[in-house]
Amino acid sequence: MSAQRLSRSFYTNDVLDIAPHLPGKFIVMNNGHCPEKYIITEVEAYRGEEDLACHASKGRTRRNEIMYADGGHIYVYLIYGMYWMLNFVTGKNGNPQALLIRSVEGYNGPGVLSRKLGIDGSYYGEDLVSSDRIWIEDSNIKGKIVTRPRIGVDYAGEYWKSKPWRFVMNLQI
DNA sequence: AGCAAGATCGGT
DNA sequence: CCGATCTTGCTG
């Protein structure tokens, strides 16, 4: 049985239902030769306009427009003028949610992993369901998921800052 | 048009 | 702790 690319129905669920299932799966980068697979180990959920840590908290803008699309699209943005943040849009059309991919095995930190994988602004809006250069595959990797507060969201206030919406997998190898 | 802040990171 | 580096969104 071969590896299975995740389909639309996986991504259109609520971000908090998907988040614990994404660590352990593969990000597949197809460079045109031999596709490279990276195990996702840490993600962070951003959920709707009410979530003051979410980029959609101030409504639709040019930057966050893709968050309002159906789940399965990619949302990337540049932070501090240097680092591309890779996010997977989740939920149904009109419901702005996304999962920040915080680390993959071997590369800790969202800025570092994007640089290593070659993620940049050209991936904005890319569809993980149909793209020929990036997609997600299921795996049999097992691990224990622990939740923690999100990082770097002090600006959102104590209530949203304290939500345990960071999901970390400790790989059992 | 100008400005402050930012879902970060690596070096002191 | 601090600087790098530039886009974004808010103010006027």
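Picking from dC6(C), dG6(B), dT8(C) the nucleotide with the shortest atom distance to the side chain of Leu78(A) gives dC6(C). The listed nucleotides are dA7(B), dG10(B), dT5(C); the one nearest the side chain of Met82(A) is dT5(C). Here dT8(B) is the nucleotide among dC9(B), dG9(C), dT8(B) with the atom lying nearest to any side-chain atom of Tyr80(A).
Summarising the geometry, the separation between CG on Asn64(A) and P on dT7(C) is reported as 18 Å, rounded to the nearest angstrom. At whole-Å resolution of the value, CH2 in Trp84(A) and P in dG6(B) are 19 Å apart. We find that CD1 of Ile79(A) is positioned 13 Å from P of dA5(B), with the value rounded to whole Å. We find that CZ of Arg60(A) is positioned 20 Å from C1' of dC10(C), with the value rounded to whole Å. Nucleotide dG9(C) holds its P atom 13 Å from the CD atom of Glu49(A), rounded to whole Å. If you measure from atom CD1 of Ile101(A) to atom P of dT8(B), you get 14 Å, rounded to the nearest angstrom. Atom pair Trp165(A):CH2 and dA7(B):P shows a separation of 16 Å (rounding to whole Å applied). Whole-Å rounding puts the Ile151(A) CD1 to dT8(B) C1' distance at 10 Å.
Within the 4.0 angstrom heavy-atom criterion, no nucleotide atom of any strand lies near Ala156(A). Nucleic acid contact class of Arg63(A) (heavy atoms, under 4.0 Å, all strands): sugar-phosphate only. Within the nucleic acid shown, Gly111(A) comes within 4.0 Å of sugar-phosphate atoms alone, with no base atom in reach, counting heavy atoms only.
Glu126(A) and Tyr124(A) share no side-chain donor-acceptor pair at under 3.5 Å. Between the side chains of Tyr68(A) and Glu49(A), at least one donor-acceptor pair of N or O atoms lies under 3.5 Å. If you check the side chains of Glu36(A) and Asn31(A), you find no donor sitting under 3.5 Å from an acceptor.
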With side chain to side chain donor-acceptor pair (under 3.5 Å) as the test, would you mind laying out the steps for Glu44(A) and Tyr46(A) before giving the verdict?
CA-CA 7 Å; Glu44(A) 228 167 55; Tyr46(A) 289 87; 2.6 Å; yes
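Distance noted for atom P between dA5(B) and dC2(C): 16 Å (whole Å).
One finds no side-chain N or O of Arg62(A) lying less than 4.0 angstrom from the OP1 or OP2 phosphate oxygen of dT7(C). Dashed line: the shortest gap from a side-chain N or O of Tyr155(A) to OP1 or OP2 of dG6(B) is not under 4.0 Å.
Centre separation under 5.5 Å together with a plane angle under 30° holds for the ring of Tyr46(A) and the six-membered base ring of dA7(B), marking them as stacked.
Within 3.5 Å, a donor on the side chain of Tyr77(A) pairs with an acceptor on the base of dA7(B), or the reverse.
His73(A) has its ring centre no less than 6.0 Å from the ring centre of Phe88(A).
In this structure, dA5(B) forms a base pair with dT7(C), meeting either the Watson-Crick or the G-U wobble geometry with both donor-acceptor distances under 3.5 Å.
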